[in-house]
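In what follows, a single structure is set out as structure tokens and then discussed.
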Amino acid sequence: MQTSLLMQLLQALDDGQLKVVDLTTPLGPDTVVIDLPPIFASSPGVTITKISRYDSDGPGWYWNTINMGEHTGTHFDAPVHWITGKDLPQNTTDKIPPRKFIGPACVIDVSGDVSLFEDFLLTIERVEAWEASYGKVPAGAWVLLRTDWSKRKGRDAFLNVREDGAHSPGFHRTCSEWLAKERDVLGVGVETVGTDAGQAGTFDPPFPNHHFMHMNGKFGLASLVNLDQLPPTGAIVIAAPLKLVDGSGSPLRVLAITP
Ligand code: MN
């Protein structure tokens, strides 16, 4: 009998033709959460409280209670997260069709630019230059912005907040709108704490990547790691958020399968 496609996939994973790359950062009390200006409510850090650990509360078992915001650590942004996506169909974590949790990855490496300029913004022209080398970004792809930002150690270096706010890379507003409308991407993924640049609160519109992506029913992935282990094309990303009822997003395990 012919070996099925799925059995071939498993065989390729077993024999090393394909490998699994974990794009997820550890989730725990040290996980860095975004700071908003004090006039807004902020998201709590991760708290883990023991229910029992082989003790009088549960002599044979260990389990914890977890408490955190939906947008904590490596996490998924659903369209309903932003006001521009609030009235779209299937815009919450429990309603998004599961087929959309698997897509090809287009990895755009701007780490050299970001090492020179922390506020680097991806432009349409830069994506078109990438496409000249690797082909057009296909509909339904994740565009992953490799900045090497995830290699920054510690909260201060990662958030990089100065007197005038955070400084970290992201997307030019025209690029976000173009990726959503002209390339029909699944969404964008980044290594920073959120999918907008650190200074994006000062842009017009504010936080344009959230604004345009979610307006068009697209998703976001934040705080990714190991993007340097992915080829520019040829990997697929599996990113399935928790099926939270009416959820705006959730922490998740993001996996890539790469050649
Ligand atoms: Mn988020």
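Remember, it's 1-based here, ligands and their atoms both numbered in the order they're listed.
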Tabulate below the donor-acceptor pairs under 3.5 Å that side-chain atoms of residues 238-252 make, not counting sequence neighbours, or state none.
unit_1, atom_1, unit_2, atom_2, d
Ser248, OG, Glu70, OE1, 2.4
Ser248, OG, His71, NE2, 2.8
Ser250, OG, Leu242, N, 2.9

Look at the rings of Phe219 and Trp142 and say which category their plane angle falls in: under 30° parallel, 30 to 60° tilted, over 60° perpendicular.
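Plane angle between 30° and 60°, so tilted.
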Any side-chain donor-acceptor pair under 3.5 Å between Ser176 and Asn209?
yes
Looking only at the side chains, is there a donor atom on one of Asn160 and His167 sitting less than 3.5 Å from an acceptor on the other?
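The answer is no; no qualifying pair exists.
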Those residues that, when tested against Trp82, pass ring pair (Phe, Tyr, Trp, His ring centres under 6.0 Å) (two or more places apart)
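Trp82: ring pair (Phe, Tyr, Trp, His ring centres under 6.0 Å) contacts with Phe207, His210.
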Run the side-chain contact (heavy atoms from CB on, under 4.5 Å) test against Leu255 and tell me which residues pass, sequence neighbours left out.
Val20, Asp22, Arg253
Under-2.8 Å protein N/O/S neighbours of the Mn ion (ligand 1), ordered by chain then residue number
His71 ND1, His75 NE2, Asp77 OD1
